[in-house]
Amino acid sequence: MTDASTPIIVGRDIGPQAPGARPDDDLLEGLNPQQREAVTYRGQALLIVAGAGSGKTSVLTRRIASLLRGREAWPSQILAITFTNKAAGEMRERVEHLVGDSSRGMWISTFHSACVRILRREAEHFGFTKSFTIYDSGDSRALIKRLVKEHEADAFGLTPAATQSKISRLKNELADAESYARSANMSDPAERVFVELFGAYQRELQKANAFDFDDLIAQTVFLFRAFPQVADVYRRRFRHVLVDEYQDTNHAQYALIHELTRPPGSDAAPLAASGGMMIFEPEPAAEEGASLTVVGDSDQSIYAFRGADIRNISEFEKDYPGAKVVLLEQNYRSTQNILSAANAVISHNFDRKDKKLWTDVGAGEQIIGFTGYSQHDEAQFVADEIEALRRGGVDYSQMAVFYRTNSQSRALEEIFIRSALPYKIMGGTKFYERAEIKDALAYLVAVANPADEMAMRRIINRPRRGIGDVTIETISRYAADQQITFRDALANSSALGVGPKIQAAIAHLDAVLAEASEIMLPSSGELAPPTAVAEGLTLLLNKSGYYDALRASKDAQDEARIENLDEMVAVAREFARNNPEGTLLDFLTEVALVSDADDLEDASGSVSLMTLHTAKGLEYDAVFVTGVEEDLIPHRISAGEPGGPQEERRLFYVGITRARKRLYLSLAMTRAQFGEVTVAMPSRFLQEIPGELLHWRQSPGDVNSRGGTQSRALNARRGSGSGSGFGGSGGGRRYGDDLVPLARREQSGNLERFANKIPAKVRDNGDLELAPGDRIRHDDFGEGRVDAVTGEGAKRVAHVRFDSAGPKKLLIKIAPITKL
DNA sequence: GTTACACCTATTTTT
DNA sequence: TAGGTGTAAC
């Protein structure tokens, strides 16, 4: 839902409200009673249980606005935490919309950026400097990889991946190497090696003046616990803490919130540790902890595998006695049919508080089910249906296709390309994970944080300078001997005892870094201009020879790399425009904490393809959930995990509740995976949807009876009446109730014909010329007449009306067609 | 330092 | 099956 109709109230007036004014009136406009309560309730702790599409962002932003307008809080006393930058940005925008300038000074940010802000200020308390680097998972994987090798840990079954995920899990539980060692079974050699690795990893991070993602949270908690007087500064400052998506918090995040909302001065005497100043706050007068508002929906918890602990929300009332709970069940997004299906599915999860979404917009369309013979058949259905919706006036950008695993996107893509359907894959390869972008950032990090050896190691031979492992180790040893950083060792290239060519290369790199440093962090101490980052980056890329090496390359990919780097420089310029005061560190922080998931919506004019996980928080007029099969959703691997199948059900629930008006559930009877074709069974979740809500265009039974491959699950439940269950098996009904048979089903009903119909090889029709009126034959669709041809060159599209398959758009260059 | 081949492993991933 | 990674040989 949206609050676009809310009038803008600009809160220029800083003085108290005029007597008798009702500052909340417009904020409550259009809200239902529960939403009003969530906005206006005042107390120490409030839990808003917000079902999907129940307007929680609206409630949260209005609650903040109401605190500000009522003069109950200064902006600086508000801390609102989300999980994504996108959510934070949206929330900030909407609060600004409501209260204007008086929102300035609020902290509306992600867990991670809030912690970075705190850590940059306080890092000196525990052996870091404020210019610390942030390691993303790729960086920490690289470091762990090196350590695993050094410790020869793979011999104990400790792969880099396993080690990384175990360390991450432990950090999310606030365990460090020492505390873990105490509880671990140290007679197990693998455990001993792991503890060693964990400790070594942590020491390396400290040495590099770096935090990994998990550290950002965990170290902030440790900081607060070790230095209560530091914690009190923030406890006094933030009087209102609000947390979005609370069901996704892990233990460390939970602890962070807990620390922040404790009454100030409540800690025992400060630790007599680490030479910091002892500041005793002589204020025994009972101060209250900040008021805490959390919003969440345990039915949408889908990140348990990453450490999210559903108990944080389900036991909120225990953690915060006297907490008020508000339940938002009215849904403003979907039709009742969609909601009823969602309710029915999720109600199969035991151990959950009952919650039923409802709407007053009416039943809406039935949910459409479809069973394809193969994943390509399924994809073709999706493509056809998308085209039909488009002709019916639905914009491509209002349609989305979801799948459980990324690999499923391929079949969809193949068909979409052939159908000339504009699509965009969300959350695919990430810009900031590309090698050249990581290189560029490493150059910047080398300037910003000379202690970061990882960054130095990354760039020292990129572009190739003839510096290999041997030289790197020489430098590393020299640095250790001289007790200087790796970076500083470069300045003494002549003392390293390496060949003249290599020595010159090192000296050159050193000079380039120094020059860039002078631009971005002037030694004169004066402030660098905002454009310094972009300039410095350009200088680094040019003078290091990075650009030249790419330009000289004949690899076609390197051209794209240059474009990506140009884009990176553009990002730096953009940053300078938006943050005139922004420093190099600010830029690196932003880049480290921003992911491309944050620009999800820029898919204008295309259909969005994404995993079910990525779909959370989004909504579309028409939603296709594909691959609704056993072993896919629920995924087979989840079966063995405690709570796995239930989390899968929530995932399916999340998918269903993204749809506003139309929902399609599809599956394929066969799926090519790992080189072989497997026969799929319909997902158990399909059977949890009441039959009258779901209309099968082609049910599993239809496909089954014609394909001849009996599958046990299909007959587990017989249809009763109109479109119930899977129905149709036994050959009674060949097609769905009102389905016009498609041409390819006419040709033959046998499975092999359809399984993996689309070969991997790409067909090329060359310059096949087509004009309106031409007759063509298509391998799948049969004969048809060309209505029109649009597009240019390789992207020419034929609009064809097939005799029996109906209208289609085809990419002429690659469609399996011949002119008649 | 680069290339080629063999090998391994295939959920989800807000930061 | 396919893609990515690691090692060995040139």
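Numbered from 1 within each chain, the chains take letters A, B, ... in sequence-line order.
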B:dT15 C1' sits how many Å from A:Lys171 NZ, rounded?
14 Å
Any A:Thr405 side-chain N or O less than 4.0 Å from OP1/OP2 of B:dA10:
no
Can you tell me the distance, in whole Å, between the CG atom of A:Leu256 and the P atom of B:dT15?
17 Å
With a 4.0 Å cut-off on heavy atoms, is A:Asp248 in touch with a base, just the backbone sugar-phosphate, or nothing at all?
base
For A:Tyr303, report the nucleic acid contact type (base, sugar-phosphate, nothing); a contact means any heavy atom under 4.0 Å.
base
Residue closer to the 5' end of DNA chain B, A:Asn461 versus A:Thr249 (nearest nucleotide)
A:Asn461
Aromatic A:Phe685 / basic A:Arg649 pairing, under 6.0 angstrom, 45° off normal:
no
Give me the distance, rounded to whole Å, that separates B:dT11 from C:dG4 when you measure between the P atoms they each carry.
14 Å
Starting at atom CD of A:Gln300, determine the distance to atom C1' of B:dT14, rounded to an integer number of angstrom.
13 Å
Can you confirm whether the side chains of A:Ser131 and A:Arg120 place a donor and an acceptor under 3.5 Å from each other?
no
Could you tell me whether A:Ile467 contacts a base, only the sugar-phosphate backbone, or nothing, with contacts defined as non-hydrogen atoms closer than 4.0 Å?
sugar-phosphate
From B:dT11, B:dT15, C:dG6, pick the nucleotide closest to the side chain of A:Ser638?
B:dT11
Of the options B:dT15, C:dA2, B:dT13, whose atoms approach the side-chain atoms of A:Arg410 most closely?
C:dA2
Considering only B:dT15, B:dT14, C:dG6, which nucleotide approaches the side chain of A:Ser137 most closely?
B:dT15
Between the base of B:dT11 and the side chain of A:His635, is there any donor-acceptor pair under 3.5 Å?
no
With nearest nucleotides of DNA chain B determined for A:Phe83 and A:Ser407 from heavy-atom distances, which residue corresponds to the more 5′ nucleotide?
A:Ser407
Would the A:His613 and A:Tyr303 ring centres measure less than 6.0 Å apart?
yes
Rounded to the nearest 0.5 Å, what separates atom CZ in A:Arg671 from atom NE2 in A:His376?
9.5 Å
Answer yes or no: does a side-chain N or O of A:Asn85 lie under 4.0 Å from OP1 or OP2 of B:dT14?
no
Using a distance-only test with no angle check, is there a side-chain donor-acceptor pair under 3.5 angstrom linking A:Tyr234 and A:Glu122?
yes
Which part of the nucleic acid does A:Arg464 contact within heavy-atom distance under 4.0 Å: base, sugar-phosphate only, or nothing?
sugar-phosphate
Could you check whether A:Phe224 and A:His258 have their ring centres less than 6.0 Å apart?
no
Round to the nearest Å and state the distance from A:Arg169 atom CZ to B:dT15 atom P.
23 Å
Using the P atom on both, measure C:dG3 against B:dT12 and round to a whole Å.
16 Å
When you measure from the side chain of A:Lys145, which nucleotide among C:dT5, B:dT15, B:dT14 comes out closest?
C:dT5
Any donor-acceptor pair under 3.5 Å from A:Glu630 side chain to A:Ala680 backbone
no
When all nucleic acid strands are considered with a 4.0 Å heavy-atom cut-off, which category describes A:Glu648: base, sugar-phosphate, or nothing?
base
Rounded distance in Å - CZ (A:Phe305) to P (B:dT11):
12 Å
Does B:dT11 fall in syn (glycosidic angle within 90° of 0) or anti?
syn
When you check the phosphate oxygens OP1 and OP2 of B:dT11, does a side-chain N or O of A:Asn406 lie under 4.0 Å from one of them?
no
What's the closest nucleotide to the side chain of A:Arg306 if the choices are C:dG3, B:dT12, B:dT14?
B:dT14
Spacing of A:Asn172 atom CG relative to B:dT13 atom C1', expressed in whole Å:
12 Å
Length of the CG-C1' vector between A:Asp212 and B:dT13, whole Å
15 Å
A:Gln646 CD to B:dT11 P: how many Å, rounded?
22 Å
